[in-house]
Visitor: 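Before anything else, here's the structure in question.
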2 protein chains.
Amino acid sequence: MEQRHAAVLKAAGMKATPKRLAILELLEAESGYASPEELWKTLKGRFDRLGLPTVYRNLEELSESGVLTKVIHPNRQLYYYFCSNPEHHHHFVCLSCRKVEDIPSCGIEALEREVSIRNGGKVLSHILQLNGLCGGCAKKGEKA
Amino acid sequence: MEQRHAAVLKAAGMKATPKRLAILELLEAESGYASPEELWKTLKGRFDRLGLPTVYRNLEELSESGVLTKVIHPNRQLYYYFCSNPEHHHHFVCLSCRKVEDIPSCGIEALEREVSIRNGGKVLSHILQLNGLCGGCAKKGEKA
DNA sequence: CCTCTAAATAGAAATGATTTCGTTTTAAAA
DNA sequence: TTTTAAAACGAAATCATTTCTATTTAGAGG
């Protein structure tokens with residue numbers, strides 16, 4: 001496990017520091033997305049010193065490397081999710097319990113091509129995310 | 001025009017105040033999305049007093065009523081766009097000149113239904129937005 | 001194993017977009 | 001008109017996120 005994460009970091013051109021490994025392990029163990037501060041609160045007990053800016057910085061770097069996924073949340077705060085699915089795909093995120101479920105790739109690539117051709121522009125990225133309540137939360141009557 | 005916007009506000013259960021009308025007119029005249037502060041800077045000359053919080057509040061309310069569309073921007077600041085297309089659809093936003101173009105509805109509704117059925121959850125909303133450079137900006141070699 | 005250096009981290013402080021709050025003004029219903 | 005609930009003011013607060021400089025460390029190369 002440690003090995004696997006170290007390899008991921010190396011592949012991303014990042015040093016395999018204990019703090020980065022801890023962030024990855026913690027996020028992988030979570031079933032859902034987490035905020036920088038939550039991760040920091042959990043992890044700071046495991047290290048003599050661990051600054052909140054370090055957590056922010058690492059999450060951002062890991063997200064840029066594609067190791068983590070950023071969640072777009074209505075409250076506009078940062079949340080990250082560890083997703084091991086290497087295929088291009090999208091997510092259904094539960095606004096209540098924060099579980100994240102993969103959704104199969106829809107025809108968005110075709111749409112991108114069509115938009116490029118029709119408007120002469122260039123599509124650089126897309127956001128596709130479904131928000132809602134997962135089965136468990138819907139059953140329990142949770143609110144978003 | 002004034003009439004039309006006043007009617008829209010009334011339909012949304014909001015008072016047709018001069019400031020709200022001015023916000024709508026300005027945003028409709030724009031070809032792209034704008035930030036609260038930009039709108040405020042433009043509009044404050046037209047009123048004896050116009051507070052930035054008022055602009056924020058109105059944009060948020062108008063967005064909740066569906067009169068305006070919120071743009072999801074990588075820099076995580078708020079931007080709003082006036083879209084008169086009443087059909088459900090999505091947007092291609094230019095990260096350089098801020099132009100917004102409608103994109104035809106893709107099969108996302110079917111995807112929503114599928115996710116609901118497969119996972120037993122409830123999809124409350126979705127985000128689908130293409131980011132990129134419009135034809136003009138791409139041609140000019142603009143960068144995002 | 002050491003040594004060295006660029007990368008990573010600490011932590012306090014700054015930032016700045018956005019929101020809150022108590023008061024004043026106003027749109028529009030009666 | 002009169003009335004009043006909604007809207008706006010604007011100074012101040014909030015608070016997630018970022019910056020900055022000094023210190024520490026991972027890991028490449030000997």
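Reminder, nothing fancy here: chain letters follow the sequence lines and each chain counts from 1. All values below were derived from every heavy atom in this structure, side-chain atoms included, with hydrogens, water molecules and symmetry-related copies excluded.
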Visitor: If you compare all heavy atoms of Pro36(B) against all heavy atoms of Val55(B), which two are closest, and at what distance to 0.1 Å?
Guide: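 Shortest heavy-atom contact: O-CG1, 3.6 Å.
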Visitor: Indicate the ring-plane relationship of Tyr33(B) and Tyr79(B), choosing parallel, tilted or perpendicular according to the 30° and 60° boundaries.
Guide: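 Plane angle over 60°, so perpendicular.
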Visitor: For Tyr80(A) and Ser63(A), work out which heavy atoms get closest and say how close.
Guide: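 Taking Tyr80(A) first and Ser63(A) second, the nearest heavy atoms are CE2-CB, 3.7 Å.
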Visitor: Between atom CH2 in Trp40(B) and atom P in dA8(D), what is the gap in whole Å?
Guide: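 Taking CH2 of Trp40(B) and P of dA8(D), I get 16 Å after rounding.
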Visitor: Heavy atoms within less than 4.0 Å of DNA chain C: which residues of residues 43-67 of chain B have one? Give them sorted by number.
Guide: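 Nucleic-acid contacts, sorted: Pro53(B), Tyr56(B).
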Visitor: Which whole-number value in Å describes the distance from Met14(A) CE to dA26(D) C1'?
Guide: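 My rounded result for the distance is 13 Å.
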Visitor: Surrounding NZ of Lys70(B) (heavy atoms of other residues, nucleotides or ligands, distance under 6.0 Å), is the total greater than 12?
Guide: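 Yes - once you tally the heavy atoms of other residues, nucleotides and ligands closer than 6.0 Å, there are more than 12.
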Visitor: Is Arg20(B) close enough to dA7(D) that one of its side-chain N or O atoms is under 4.0 Å from OP1 or OP2 there?
Guide: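 For Arg20(B), the contact criterion (side-chain N or O under 4.0 Å from OP1 or OP2 of dA7(D)) is met.
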Visitor: Mind checking whether His5(B) and Phe82(B) have ring centres under 6.0 Å apart?
Guide: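 Yes.
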Visitor: So, does Thr17(B) get its side chain near the phosphate of dA8(D), meaning an N or O under 4.0 Å from OP1 or OP2?
Guide: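 Answer is yes, contact under 4.0 Å.
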Visitor: Classify the angle between the aromatic ring planes of His126(B) and His90(B) as parallel (below 30°), tilted (30 to 60°) or perpendicular (above 60°).
Guide: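 Ring orientation of His126(B) relative to His90(B): tilted.
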Visitor: Does Lys19(B) have a side-chain nitrogen or oxygen under 4.0 Å from the phosphate oxygens OP1 or OP2 of dT26(C)?
Guide: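 Answer no for this pair, as no side-chain N or O of Lys19(B) is under 4.0 Å from OP1 or OP2.
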Visitor: Can you measure His73(B) atom NE2 to dT18(C) atom C1' for me and round it to whole angstrom units?
Guide: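 Those two atoms, NE2 and C1', are 17 Å apart.
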